[in-house]
Amino acid sequence: MQPSADERLRRWRLVLGGEPGAEGTGCALAGQDAAMDGALGALYGGARSGGKDRGAGLGASAPSVARWLGDIRTYFPSSVVQVMQRDAIERLGLATLLLEPEMLEAVEADVHLVGTLLSLNKAMPESTRETARAVVRKVVEDLEKRLATRTRATLTGALDRSARISRPRHRDIDWDRTIRANLKNYLPKYNTVVPERLVGYGRAARGVKKDVVLCIDQSGSMAASVVYASVFGAVLASMRSIATRLVVFDTAVVDLTDQLDDPVDVLFGTQLGGGTDINRALAYCQSQITRPADTVVVLISDLYEGGIRDEMLKRVAAMKASGVQFVALLALSDEGAPAYDREHAAALAALGAPAFACTPDLFPEVMAAAIERRPLPIPEA
């Protein structure tokens, strides 16, 4: 059903903003529409009036910000509220106000807010820290509920299938590999293949079958990736068949493996911002590998290397040559590929380790493919 002419004018008036009539619609707003326009104008006033300052804005007043946060939660759906909060932090410099507990209790918690809080971690007063942890924990628990079950199921299946056996039971026969292994026994007369050798799936034993190393760039642009990687790290660490190590880096390297039982501790152990030394981080990860053929290393970075580029690439090549499955993710978030170093990405691709952005929903499939040593499900650009 098409909106009426009056409704179209109303919508355009809310989009364009401006003083009554100045935007050319001739439409006046009242009641809730006027309140919505005020909330939008406080944030987007300059941009919505052709670059002219309408005199709107939140200023530096904590009470006015708290009222504005309450207004936008009243008038807009959660997904829009999260976008407006993010824009307010970027456009109006409201990050420091998040250090006040009252502000944190008023915001709509999401991954991007967690990233902002983590970047403010070192400046956070004790009076705010517990509130901040509660906000972060809520987001982390919501993510775990969404991601954990599917991740465990997908990777358990991959671990089972990665244990190939030559005398499988009928239900465990891998027919695709069996047919390919017996093509030489094709009988044209009968239009069939005689399976001289069966290839089957094994069943993963209770012991550790795979080692996974998550190596995470904690530069400021990787905030959402750090959040998701920490949640996935905790999920992987909960699986007995996978020994998980989580390493974060900027110009220094920090091993947070002993905190993996609580991803909130992991996140508050990170320090977003600073430089990047991928080579040093990979050198540390390489030193922790004891079973190359059973190890998956996942580098999550935009690849802007501040260390020694050639050494970084040599380490990747050496790990792959030893049998390590190396995965390079430009991002682990819902936002697609960030700005990244294309030259380094091309160099990794030439080594057989293409770098690509991965959504949280795709990550279990990527890990399953790496565990089974099959081609990664790289999304189309």
Side-chain angles (χ1 to χ4, degrees), residues 3 6-23 25 27-120 123-124 127-128 130-143 146 220 223-224 227 333-335:
D6 288 344
E7 175 62 13
R8 286 198 297 270
L9 282 175
R10 170 185 169 273
R11 294 180 184 181
W12 273 113
R13 172 64 182 80
L14 285 169
V15 169
L16 295 171
E19 295 299 326
E23 77 296 327
T25 65
C27 178
L29 299 177
Q32 181 171 304
D33 285 348
M36 290 173 64
D37 186 57
L40 290 166
L43 177 57
Y44 302 112
R48 287 162 21 105
S49 57
K52 298 178 181 178
D53 188 359
R54 292 171 56 198
L58 302 178
S61 166
S64 68
V65 175
R67 285 194 297 272
W68 180 78
L69 288 169
D71 286 346
I72 64 174
R73 293 177 76 168
T74 299
Y75 301 131
F76 303 100
S78 177
S79 58
V80 175
V81 169
Q82 290 172 6
V83 172
M84 293 180 72
Q85 286 177 172
R86 201 179 319 157
D87 287 348
I89 290 169
E90 293 175 358
R91 293 165 63 96
L92 303 180
L94 299 184
T96 53
L97 287 177
L98 294 176
L99 298 179
E100 300 183 23
E102 296 78 7
M103 289 298 99
L104 285 181
E105 291 170 356
V107 296
E108 187 81 19
D110 69 341
V111 169
H112 300 284
L113 177 66
V114 170
T116 300
L117 291 177
L118 296 179
S119 69
L120 298 171
M124 194 174 292
S127 60
T128 306
E130 285 306 310
T131 305
R133 287 184 70 89
V135 170
V136 172
R137 187 169 298 282
K138 179 182 183 303
V139 174
V140 166
E141 288 177 351
D142 289 346
L143 290 177
R146 177 164 73 90
V227 176
S333 70
D334 292 306
E335 300 173 325

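Values below: every heavy atom of this structure, side chains too, minus hydrogens, waters and symmetry copies. These numbers were taken from a predicted model, which means no experiment stands behind them.
- Taking each heavy atom of A109 and V139 in turn, the nearest pair found is CB-CG2, 3.6 Å.
- Looking at D142 and R146, no side-chain N of the basic residue comes within less than 4.0 Å of a carboxylate O on the acidic one, giving no salt bridge.
- Counting all heavy atoms, side chain and backbone alike, F76 lies closest to V81 at O-CG2, 3.6 Å.
- When side chains are defined from C-beta on, L143 counts as touching V111, because their heavy atoms get closer than 4.5 Å.
- Side-chain atoms of Q85 never come within 3.5 Å of backbone atoms of V107 as a donor-acceptor pair (strictly under, hydrogens ignored).
- In this structure, M36 and D33 have side chains that are in contact, with non-hydrogen atoms separated by less than 4.5 Å.
- Counting all heavy atoms, side chain and backbone alike, A132 lies closest to M124 at CB-SD, 3.4 Å.
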Go through the steps to decide whether M84 and L40 satisfy the test side chain to side chain contact (heavy atoms under 4.5 Å, CB included), and finish with yes or no. CA-CA 9 Å; M84 293 180 72; L40 290 166; 3.8 Å; yes
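- In this view, R137 and D262 satisfy the side chain to side chain donor-acceptor pair (under 3.5 Å) rule, not counting sequence neighbours.
- With contacts defined as side-chain heavy-atom distances shorter than 4.5 Å, the pair T116/R86 does not qualify.
- E130 meets the side chain to side chain donor-acceptor pair (under 3.5 Å) test with no other residue; sequence neighbours excluded.
- Heavy atoms only, all atoms of each residue included: T128 and P101 are closest at OG1-CD, 3.5 Å.
- The shortest heavy-atom contact between L104 and L117 is CD2-CD2, 3.5 Å.
- Using a 4.5 Å heavy-atom cutoff, the side chains of V80 and Y75 are not in contact.
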